[in-house]
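These notes concern the structure reproduced below.
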Amino acid sequence: MSAGELSDVPADAEHGESAAPATEEPAAPASTCSCLDAEAPNGRAVAEVLLDSALPQLDHLFDYAVPEELAGELRVGQRVRVPFRNQQRKAFGYVIGFAETSSFGGELSPIADIVSPVPQLTPEVWRLARAVADRAGGSAGDILRLAIPGRQVRVEKQHLAAAGTPPEASAHAPAEPLDADSAAIAARLVTGERLALTATHSPERLSTGEWVGAWAIRLAHVAMAVHAAGKSAIVVLPDYRDQDQLQSALAALGAADVLRVDARQSNAERYGSFLQALDGVARIIIGNRSAVYAPAHELGAILIWDDGDPVLAEPLAPYVHARDAALVRAEQSGAGLFFAAHARSAEVERLTLIGYVQDQVNPPRRTRVIHADQSIAPDAFAGRVPDFAAKTIREGLRTGPVLVQVATPGYAPVSVCGDCGDLARCTACGGPIGFRTAGTAACRWCGQHAGGWACAGCGGNRLAERGMGSARTVEQFERQFRGFRVLLSDGDHPRERVDARPAIVVATRGAEPLAAGGYRAVVLLDAERLLSLENLRAGEDCLRWWENAAALAAPDGVCLMASGGGPVVQAFVTGRIDEWLHSELRDRQALRYPPAVRVASVTGGSAQVDRALAALRTPDTLAGVEVLGPTPVAASDPAARGAKLVRAIVRFEYARGSDVAKRLRGALVSDAAGASSRQKGRAPGRAVPEALRLRFDDRGVFDG
DNA sequence: AGCACGCCGACT
DNA sequence: GTCGGCGTGCTC
């Protein structure tokens, strides 16, 4: 691997007029908000507009005439309404730039009206959206939908009215001095450096009395030091529980100018924060994966917490991971990039190996981890856990809460025939039957209730529970540890915090509550079950789940790996995660698996996919690009929806990324152009030919 | 998407 | 001769 493998990150966008200076603009009246500052036409007659459309063939700029009566108001970045297809039908779009003349042959239609005086799309965000969409084979409009919240007239009026009043002093002195390490990191970030940090374990107490993970305090210090340098910081965090912790840490430190962008906010709140970000004041913007597109003023750094969490991958086309968007943005804007986590992702490990990201080597404090290896010292089972684990739990309960991490939610993941012992299969779809709660069994694939189930082998109709879900674990612990509170936290009933009193907290991975003062003990069960998940990245995921759980222990608490063995468990127990990741990455390099290489999946009708793959060979065959398949997509696959589809997987070196994306995107555009006719021409009753679908860097593309 | 353009078979 | 079938392609 070489540093050149990131050369696919575009240095510049083709479209857009961001280069034109805004200096010729007349001085704005004193009462207008600085969020209105943007380039005006200044006599130029043509406006370049990106239309709001999901259609790939419309994903380019359209020229419109600047009407006399709008010339004074119109600005780059404004949302406008324009005639499209005919003078009656109108479409929405964004003004991307102005020009003297148009290269379009026909007569230009005029812009119909301006939706809002606020230029919502800054040149920087436009450049980012264009580059990110190009890299992912998608439309810029799809990125802008994530980047720009829906307009709220009331919020906007309020914002513009308040703009006359002088902004509050933005150079707030922090309530506590920033720690020297964080200040040093921030100083490097604002010069454009890219750093990776493994965070310290255990919760810490804020001056407000609230407990948060030590990582949150570290990120708060770094973000505040970036802000103190007069720059904005964007902090991307996977979920609202992480965002809450960071927000608490920032508040306790007296941070000013903090904005929050997350999925739980109303659109009005989101639009309000968005307008403040646009305001020309440096901010600390914290939020979910979409926050990476926030219109930050003077962006100094993007901070990403726990980038291995799958929720940072956008589920909507073009499926761009926040990490990738951040890489492009940092490259384009010269901002720094900070990856922090308890367990590094394979992607960040790759970036450190090629020297693109610098490793912060100072070893963090880590919870003491012990391993009860059943294969070395077989132990007696009196209930759900081996005796050694039960002893650890009892010891912890003497002084505080104990966390027990389990693999599966629900009651019992598996059921078997009570008579012959065969695995119970759903009578409708053949899927495995599990118990969601005690006594109610249903198919884990189709959800059908297993009320009238009969065994296909012996005809018996008694279902027996096998395996231990979180609910059944709670039941067993209530029996085994009488007199103690047993609390449950899982995906359906997440619990954000627990107090410092003794209690057993049973949680599924990722749903562990934060304990005041930290857990006395963290017990990790079901390692072999988690590692056996049919997932190429099971090892990496397990290390992340385990490290995040271990980080919830008190500084003098203990983490017990209660079972399992093998290299991944060893890496966790000995704390040599980076070494394991390193060798894993070498293996993937040899096997050509991501993230050592990139992948794209191409799905559609057989002829469509063939045409798309042909584009990879014309006009010349791209070196470093390999095609697997196409293979039929199983009819049961939700992607198929009854139609007969095939899928090919394209593997390529990072340096080939822009070529591959450009060519596959070209095939998609010509396919879409012909799609309407195919649709119309289809015989009645025949399945609708699905559109060609393109997906880059799909994490699960090689999973069964 | 949705609509106009355009090029071959059956018709008042 | 022309009406209209639907494949093709464009939308500033």
Side-chain angles (χ1 to χ4, degrees), chain A residues 13-17 20 39 41 43-71 73-115 121 126 129-130 133 137-142 144-145 316-318 604-608 610-612 614-615 618 641 643 663 665-694:
Chain A
E14 272 183 44
H15 313 268
E17 275 312 311
E39 190 188 338
R44 286 169 294 181
V46 177
E48 298 164 324
V49 174
L50 180 85
L51 298 173
D52 263 13
S53 170
L55 298 175
Q57 62 274 45
L58 301 186
D59 180 35
H60 61 87
L61 301 185
F62 287 79
D63 290 349
Y64 283 87
V66 175
E68 191 94 356
E69 65 276 17
L70 296 181
E73 310 298 314
L74 206 58
R75 295 288 183 276
V76 162
Q78 274 170 344
R79 194 164 169 74
V80 289
R81 231 155 53 96
V82 293
F84 191 62
R85 279 197 290 262
N86 59 52
Q87 289 299 315
Q88 282 68 255
R89 277 216 63 71
K90 301 284 195 294
F92 289 96
Y94 293 99
V95 177
I96 299 303
F98 298 110
E100 306 279 351
T101 59
S102 170
S103 55
F104 180 64
E107 196 190 334
L108 300 188
S109 294
I111 288 183
D113 30 45
I114 298 171
V115 174
L121 179 57
W126 163 244
R130 182 69 275 163
S139 298
D142 286 337
L144 294 183
R145 216 160 313 146
L316 299 172
S606 169
Q608 291 171 291
D610 286 346
R611 272 197 297 271
T618 21
R641 283 204 307 221
R663 292 192 186 195
R665 176 73 175 173
L668 184 80
V669 169
S670 35
D671 175 73
S676 54
S677 44
R678 276 202 308 282
Q679 184 95 357
K680 215 162 35 176
R682 97 193 123 94
R686 276 269 301 278
V688 179
E690 288 273 349
L692 195 57
R693 270 172 308 178
L694 212 50

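Atom-to-atom, CZ of A:Arg81 to C1' of C:dC12 comes out at 17 Å; the value is rounded to the nearest Å. Going from atom NE2 of A:His60 over to atom C1' of C:dC12 covers 8 Å, rounded to whole Å. If you measure from atom CG of A:Asn86 to atom C1' of B:dG2, you get 10 Å, rounded to the nearest angstrom. When rounded to the nearest whole Å, the span between CD of A:Gln57 and P of C:dT8 equals 15 Å. Atom pair A:Arg89:CZ and B:dG2:C1' shows a separation of 9 Å (rounding to whole Å applied). Rounded to a whole Å, the NZ atom of A:Lys90 is 11 Å from the P atom of C:dC12. Put simply, CG on A:Leu51 is 16 Å from P on B:dA1, counting in whole angstrom units. Taking atom CD of residue A:Gln88 and atom C1' of nucleotide C:dT11, one finds them 14 Å apart after rounding to whole Å.
Every side-chain hydrogen bond (donor to acceptor under 3.5 Å, both in side chains) that A:Tyr94 has, sequence neighbours left out, goes to A:Arg79. In terms of the side-chain contact (heavy atoms from CB on, under 4.5 Å) criterion, residue partners of A:Ala133 (sequence neighbours excluded) are, by chain and number, A:Arg130, A:Ala140, A:Ile143.
Judged purely by atom type and a 3.5 angstrom limit, A:Ser53 uses its side chain to pair as donor or acceptor with the backbone of A:Leu55. With hydrogens and angles ignored, the 3.5 Å screen pairs no side-chain donor or acceptor of A:Arg44 with any backbone N or O of A:Ala99.
Distances were taken from every side-chain heavy atom of A:Leu58 (C-beta onward) to each of C:dC12, B:dA1, C:dT11; the shortest belongs to C:dT11.
At the heavy-atom level, A:Leu108 lies under 4.0 Å from the strands shown only through sugar-phosphate atoms.
Using a 5.5 Å limit on the distance between ring centres and a 30° limit on the angle between planes, the aromatic ring of A:Phe104 counts as stacked on the six-membered base ring of C:dC12.
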